[in-house]
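Take a look at the structure set out below.
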There are 2 protein chains.
Amino acid sequence: MVKEQNTERIILEAAREVFHLKGMAGARMQEIADKAGINKALLHYYYRSKEKLFEAILLDTIQRFLPTVRELWESDYSVFQKIENFVHGYIDLLKQNSYMPAFILQELNLNPNFLKEMMEKQIISFNPMKFFMQIEDETRRGKIIPIQPIQLVINMLALSIFPFMAKPMITGFTHMGNDDFNRLMDMRKTDITNFIINSIRLR
Amino acid sequence: MVKEQNTERIILEAAREVFHLKGMAGARMQEIADKAGINKALLHYYYRSKEKLFEAILLDTIQRFLPTVRELWESDYSVFQKIENFVHGYIDLLKQNSYMPAFILQELNLNPNFLKEMMEKQIISFNPMKFFMQIEDETRRGKIIPIQPIQLVINMLALSIFPFMAKPMITGFTHMGNDDFNRLMDMRKTDITNFIINSIRLR
DNA sequence: GTCTATAATTTGATAGAC
DNA sequence: GTCTATCAAATTATAGAC
């Protein structure tokens with residue numbers, strides 16, 4: 001039983017690494033088995049098929065994205081404080097694993113119904129109302145410019161997440177190393193926060 | 001000879017469609033052949049292997065991205081005008097084919113040397129100096145805030161490109177249709193331009 | 001639970017006729 | 001140039017021993 005939990009954890013970690021980099025189509029069960037230090041047959045013992053293993057990883061990966069956005073929707077912080085928390089949250093998350101967003105978005109492209117199914121099963125939810133009203137409130141009070149809440153959220157996501165998806169391009173063109181890139185991302189935590197706040201604050 | 005050019009064009013168009021959506025690993029020669037209305041053998045007659053066909057598509061796709069960024073580097077417009085042109089250029093490009101950026105970045109992730117090789121062969125170049133100095137000039141003249149040019153460029157790319165990569169997520173969560181999404185992207189052309197200019201302009 | 005060996009299927013690639 | 005038929009390799013999945 002102890003053995004079982006341990007092996008399962010090792011499998012999931014190996015599978016995550018391989019699926020994140022190669023995607024569903026490019027991943028090989030053999031590579032996952034090698035990375036986990038077991039053999040292919042055992043993979044099928046724990047997860048009946050590649051498909052099942054993949055879905056476990058995809059769902060788990062999506063769920064790692066949710067806490068930060070749920071805090072944006074539901075917490076009681078001010079708009080500016082929420083923006084800072086959001087940017088810091090995602091950049092810190094992605095510094096650990098920069099492949100996550102490209103993986104999620106590519107697989108959602110291939111299977112547009114996945115999200116809908118997860119929402120119907122209440123496994124994933126999307127309740128931005130409180131935050132959207134907060135934005136409209138601040139606009140009415142003359143604190144920020146008029147802006148569609150959805151556009152603001154897209155901008156926050158874009159500025160936080162895109163650089164990690166573009167990491168090979170950024171490091172390739174600028175001849176940065178890994179450490180340089182991570183330093184750049186650390187600077188972005190305050191840079192982007194200011195960038196966003198500057199652009200919406202009314203002065 | 002006329003037939004040859006025509007068939008080759010049809011093949012490339014079919015291959016682009018399939019590779020863009022499925023990637024190198026997920027694409028099937030059979031699907032490309034079907035979409036082109038020919039059979040697999042003919043694909044191999046024109047392109048010796050899947051690998052060769054893929055590389056043709058990848059290079060062509062990257063090159064479609066270059067004119068807009070080259071204009072950013074090399075033209076004589078003002079900084080603010082360049083930002084507007086850049087945002088409009090990429091959003092208009094991606095409204096036609098939203099899969100391009102995810103395709104390019106995923107394949108660069110898998111083959112980080114590709115970019116380096118293309119730069120060494122002078123097929124792709126990267127000369128941002130003039131634009132970077134323009135930014136520093138405007139900062140010195142008190143027109144815009146101090147900002148690292150590379151961060152500004154990343155922000156411009158992120159705000160223009162990311163929403164297309166996140167299209168399935170955006171439409172999935174908000175229950176938008178395709179037309180709604182395209183309208184949102186059209187609005188972004190001016191929204192983002194203002195967003196960026198607002199955040200860097202000194203007042 | 002874990003392994004070795006092998007079946008079954010998919011898929012890129014080629015031979016050869018027209 | 002284009003097709004049909006077929007090969008060869010790669011890869012998922014399973015059977016069965018320990």
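Side chains are part of it too, since the values below use all heavy atoms of this structure and drop only hydrogens, waters and symmetry mates. Every chain is numbered from 1, with letters handed out A, B, ... down the list of sequences.
- Between B:Phe164 and B:Ile91 the shortest heavy-atom distance is CZ-O, 3.8 Å.
- The listed nucleotides are D:dG1, C:dG12, D:dC3; the one nearest the side chain of B:Tyr45 is D:dG1.
- An OP1 or OP2 oxygen of C:dA13 is reached within less than 4.0 angstrom by no side-chain nitrogen or oxygen of B:Tyr47.
- C:dT14 atom C1' lies 18 Å from atom OH of B:Tyr46, rounded to whole Å.
- Residue A:Ile57 is tested with A:Glu107, A:Glu13, A:Met24, A:Arg16 for a side chain to side chain contact (heavy atoms under 4.5 Å, CB included); the sole match is A:Arg16.
- Summarising the geometry, the separation between CD1 on B:Ile38 and P on D:dC3 is reported as 7 Å, rounded to the nearest angstrom.
- Counting only heavy atoms from C-beta on, A:Arg28 has its side chain closest to D:dT11 among D:dT11, D:dT2, D:dA15.
- Looking at heavy-atom distances under 4.0 Å, A:Ala27 makes contact with sugar-phosphate atoms alone, never a base.
- A:Asn194 and A:Arg201 are not linked by any side-chain donor-acceptor pair at a separation below 3.5 angstrom, with hydrogens and angles left out of the test.
- Distance CD (A:Glu31) to P (D:dA10): 15 Å, rounded to an integer number of Å.
- Comparing C:dT2, D:dT12, D:dG1 against the side chain of A:Leu42 picks out C:dT2 as the nearest.
- For the residue pair B:Asp34/B:Gln30, the side-chain donor-acceptor check at 3.5 Å is satisfied.
- Taking atom CD of residue A:Glu51 and atom C1' of nucleotide D:dT11, one finds them 15 Å apart after rounding to whole Å.
- The aromatic ring centres of A:Phe54 and A:Tyr47 sit 6.0 Å or more apart.
- Summarising the geometry, the separation between CD1 on A:Ile11 and C1' on C:dC3 is reported as 14 Å, rounded to the nearest angstrom.
- Of the candidate nucleotides C:dT2, C:dA13, D:dT4, D:dT4 has the atom lying nearest to any side-chain atom of B:Ala41.
- Side-chain nitrogen and oxygen atoms of B:Thr7 include at least one within less than 4.0 Å of the OP1 or OP2 phosphate oxygen of D:dT2.
- Atom NZ of A:Lys22 and atom C1' of D:dT12 are 16 Å apart (whole Å).
- For A:Met29, the listed nucleotide lying nearest its side chain is D:dT12; candidates were C:dG12, D:dT12, D:dG1.
- Contact between the side-chain N/O atoms of A:Asn39 and the OP1/OP2 oxygens of C:dT2 is not found at any separation under 4.0 Å.
- Contact annotation: A:His44 side-chain N/O to D:dT14 OP1/OP2 distance is not under 4.0 Å.
- The distance between atom NZ of B:Lys40 and atom C1' of C:dA13, rounded to the nearest whole Å, is 8 Å.
- Rounded to whole Å, the distance from CG on A:Leu43 to C1' on D:dT14 is 14 Å.
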